[in-house]
Amino acid sequence: MDFYERAAIVCRSIPVGRVASYGQIALLCGKPKHARQVGYALNKGKLGADIPAHRVVNGQGFLSGAAAFETFDMQKTLLQGEGVEVRQTGKGWQTDMGRYGWKTTLADAEGFRARFEERGI
DNA sequence: GTGATGACATTGA
DNA sequence: ATCAATGCCATCA
């Protein structure tokens, strides 16, 4: 399905030092209800090797906790290395979406949509 | 084909 | 604020 190709493009577009949510990525792919498939794809590495999967967190800024990285705190380490603050809360590792969340606009979504169409995906 | 699974999100109590 | 219940839909067995 072309959804994964789109997701790969979107993920590679996440700025360094920013994080995006699964739902946000799904939305930018034009499939608002595919948040879970984004997670599935990242888990399975279906988007390819050059994907900054560590910049993808859930809607509240929590790190997934799934062991798709070398060690459990790999994702945290990578993010902090990019300047993203990651705090330990009672529930788990969390980033401040207000400060580090990737701010996307309608224009961004439209831009992606155009890129997808010109590629026929 | 059917049913279970999941790096999610939203709603309502 | 916290927690459970739903909704969701591509994969996989």
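To find a chain, count down the sequence lines: A is the first, B the second, and so on, and within it residues start at 1. Excluded from the calculations below are hydrogen atoms, water molecules and symmetry mates; all remaining heavy atoms, backbone and side chain alike, are included. Remember, it's a predicted structure, so these values are computed and weren't measured experimentally.
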Write down the distance between [atom1] ([X]) and [atom2] ([N]), rounded to a whole number of angstrom.
X: A:Lys33; N: B:dG6; atom1: NZ; atom2: C1'; value: 18 Å
X: A:Asn43; N: C:dA10; atom1: CG; atom2: C1'; value: 14 Å
X: A:Met97; N: B:dC8; atom1: CE; atom2: P; value: 13 Å

Item to check | Residue-phosphate contact under 4.0 Å: A:Tyr40 side-chain N/O, B:dC8 OP1/OP2 | outcome: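 False: A:Tyr40 side-chain N/O out of range (4.0 Å or more) of B:dC8 OP1/OP2.
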
Checklist entry - OP1 or OP2 of B:dC8 sitting under 4.0 Å from any side-chain N/O of A:His34? => result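 Checking A:His34 against B:dC8: no side-chain N or O falls below 4.0 Å of OP1 or OP2.
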
Restricting both atoms to N or O, compile the protein contacts to nucleotides 9-12 of chain B shorter than 3.5 Å, with distance only.
| unit_1 | atom_1 | unit_2 | atom_2 | d |
| --- | --- | --- | --- | --- |
| B:dA9 | OP1 | A:Gly23 | N | 2.9 |
| B:dA9 | OP2 | A:Gly59 | N | 2.7 |

Checklist entry - NA contact type, A:Ala53, heavy-atom cut-off 4.0 Å: base, sugar-phosphate, or nothing? => result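 Base contact.
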
Next on the checklist: Using side-chain heavy atoms (C-beta onward) and a distance below 4.5 Å, is A:Val19 in contact with A:Trp102?
Outcome noted: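 Side-chain contact under 4.5 Å: no.
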
Next on the checklist: Contact between A:Val57 and A:Phe62 at the side-chain level, heavy atoms closer than 4.5 Å - yes or no?
Outcome noted: no

Taking [Y]'s backbone N and O only, do any of them form a donor-acceptor pair with [X]'s side chain (distance below 3.5 Å, no angle check)?
X: A:Asp73; Y: A:Lys76; answer: no
X: A:Asn58; Y: A:Gly61; answer: yes
X: A:Lys103; Y: A:Gly98; answer: yes

Next on the checklist: Heavy-atom nearest nucleotide on DNA chain C for A:Arg36 versus A:Lys44: which residue maps closer to 5'?
Outcome noted: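 Counting from the 5' end, the first nearest nucleotide belongs to A:Arg36.
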
Checklist entry - Between A:Gln37 and A:Lys46, which has a closest nucleotide on DNA chain C that is more 5'? => result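 Here A:Gln37 is the residue nearer the 5' end.
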
Next on the checklist: Taking side-chain hydrogen bond (donor to acceptor under 3.5 Å, both in side chains) as the definition, give me every residue that meets it alongside A:Asp108, ordered by chain and number, with sequence neighbours left out.
Outcome noted: A:Thr105

Item to check | Results of side-chain hydrogen bond (donor to acceptor under 3.5 Å, both in side chains) for A:Gln60 - residues two or more places apart only | outcome: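 Not a single residue meets the side-chain hydrogen bond (donor to acceptor under 3.5 Å, both in side chains) criterion with A:Gln60.
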
Below 3.5 Å, can you tabulate the donor-acceptor pairs from side chains in residues 114-121 of chain A to any protein atom, sequence neighbours excluded?
| unit_1 | atom_1 | unit_2 | atom_2 | d |
| --- | --- | --- | --- | --- |
| A:Glu117 | OE2 | A:Arg113 | NH1 | 2.8 |

Item to check | A:Glu85-A:Thr95 side chain donor-acceptor pair, cut-off 3.5 Å | outcome: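 No, A:Thr95 and A:Glu85 have no side-chain donor paired with an acceptor closer than 3.5 Å.
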
For nucleotides 2-5 of chain C, tabulate all protein N/O to nucleotide N/O atom pairs closer than 3.5 Å, reporting atom names and distance.
| unit_1 | atom_1 | unit_2 | atom_2 | d |
| --- | --- | --- | --- | --- |
| C:dC3 | OP2 | A:Lys91 | NZ | 3.4 |

Next on the checklist: Using side chain to side chain contact (heavy atoms under 4.5 Å, CB included), reason through A:Ile51 and A:Val56 one step at a time and then give a plain yes or no.
Outcome noted: CA-CA 10 Å; A:Ile51 297 297; A:Val56 186; over 6 Å; no

Item to check | Atom of A:Gly83, atom of A:Tyr100 and distance for their closest heavy-atom approach | outcome: O-CE2, 3.6 Å

Item to check | Pairing pattern in dot-bracket form [Watson-Crick, G-U; both distances under 3.5 Å; | = partner strand] for DNA chain C | outcome: .||||||.|||||

